[in-house]
Amino acid sequence: QVQLVESGGGLVQPGGSLRLPCAASGISGNIYDMGWYRQGPGKQREFVARITTGGNTYYGNSVKGRSAIFRDNTRNTVYLQMYSLKPEDTAVYSCAAAIRTPGIYDTWGQGTQVTVSS
């Protein structure tokens, strides 16, 4: 019913920044919150950031202080902004939405590859 499409991934130099948009479609009601997760090669999936409908934001420890999540004025797109990127940030970044229950992500995007390397 709800489809999430990420974009903005690619190759970024260390110390650089990027912005990943996640566009949501097919929404018949409000989304409780939306978030970003990532999974690096050989690593477990890791929480990056999330934002509630009310605008409350939460960040994972590994990106806290150098990332920001926000939604556009139509609330159909959520953005993940990251700064001071490190090679350790290399991962597949996936957008997720909690539609039925707050905090439980039941809808996922296909993911976008972010590679931090010089």
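Here, residue 1 is the first one in the sequence, and each next residue gets the next number.
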(request) Side-chain contact test, heavy atoms from C-beta onward, threshold under 4.5 Å: evaluate it for Met34 versus Leu4 and give yes or no. (result) yes
(message) Taking side-chain hydrogen bond (donor to acceptor under 3.5 Å, both in side chains) as the definition, give me every residue that meets it alongside Asn61, ordered by chain and number, with sequence neighbours left out.
(response) Lys64
(request) Considering only Ile, Leu, Val, Met, Phe, Trp and Tyr, and joining two whenever side-chain heavy atoms are under 4.5 Å apart, list the other residues clustered with Tyr32. (result) none
(message) Looking at every heavy atom in both Tyr59 and Ala49, which two are closest together, and how far apart are they?
(response) CD2-CB, 3.5 Å
(request) Sort and list the pairs that fulfil side chain to side chain donor-acceptor pair (under 3.5 Å) and have at least one residue in residues 4-14, not counting sequence neighbours. (result) Glu6-Gln110
(message) How about CD on Gln39, more than 12 heavy atoms from neighbouring residues, nucleotides or ligands closer than 6.0 Å, or not?
(response) yes
Residues 14-26 side chain polar contacts: donor-acceptor under 3.5 Å, at least two apart:
none

(request) Might you point out which heavy atoms bring Ile69 and Gly35 nearest each other, and give the distance in Å? (result) CD1-CA, 4.3 Å
(message) Using side-chain heavy atoms (C-beta onward) and a distance below 4.5 Å, is Thr53 in contact with Arg71?
(response) yes
(request) Please list all pairs passing the ring-ring contact (aromatic ring centres under 6.0 Å, His included) test where one or both residues lie in residues 5-30, with sequence neighbours left out. (result) none
(request) Name all pairs fulfilling the salt bridge (Lys or Arg N to Asp or Glu O under 4.0 Å) condition that reach into residues 21-35, sequence neighbours left out, sorted by first residue then second. (result) Asp33-Arg50
(message) Please enumerate all residues that pass side chain to side chain contact (heavy atoms under 4.5 Å, CB included) together with Lys43, with sequence neighbours excluded.
(response) none
(message) Count I, L, V, M, F, W, Y as connected when their side-chain heavy atoms are under 4.5 Å apart, and connections chain through other members. Are Phe70 and Val63 then in the same cluster?
(response) no
(request) For Ser62, check side-chain hydrogen bond (donor to acceptor under 3.5 Å, both in side chains) against everything at least two apart and list the hits. (result) Arg38, Glu46
(request) Name all residues meeting the side-chain hydrogen bond (donor to acceptor under 3.5 Å, both in side chains) criterion together with Arg66; count only those two or more places apart in sequence or in a different chain, and write none if there are none. (result) Asp89
(request) Please report the shortest heavy-atom distance between Ala91 and Gln113, naming the atom on each side. (result) O-NE2, 3.5 Å
(request) To the nearest 0.5 angstrom, please state how far the CD atom of Gln81 sits from the CH2 atom of Trp36. (result) 11.5 Å
(message) My understanding is that a hydrophobic cluster links ILVMFWY residues whose side chain heavy atoms are under 4.5 Å apart, including indirect links. Using that, what else belongs to the cluster containing Tyr58?
(response) Tyr37, Phe47, Tyr105, Trp108
(request) List in chain and number order the residues that pass side chain to side chain contact (heavy atoms under 4.5 Å, CB included) with Leu11, two or more places apart in sequence or in another chain; answer none if no residue qualifies. (result) Thr115, Ser117
(request) Spell out, yes or no, whether Val12 and Leu80 are grouped together once hydrophobic residues are joined by side-chain heavy atoms under 4.5 Å, including indirect joins. (result) yes
(request) Could you list the residues that satisfy salt bridge (charged side-chain N to carboxylate O under 4.0 Å, His left out) with Arg100, not counting sequence neighbours? (result) Asp106
(request) Supply the atom-to-atom distance Asp72 CG to Tyr79 OH, rounded to the nearest 0.5 angstrom. (result) 5.0 Å
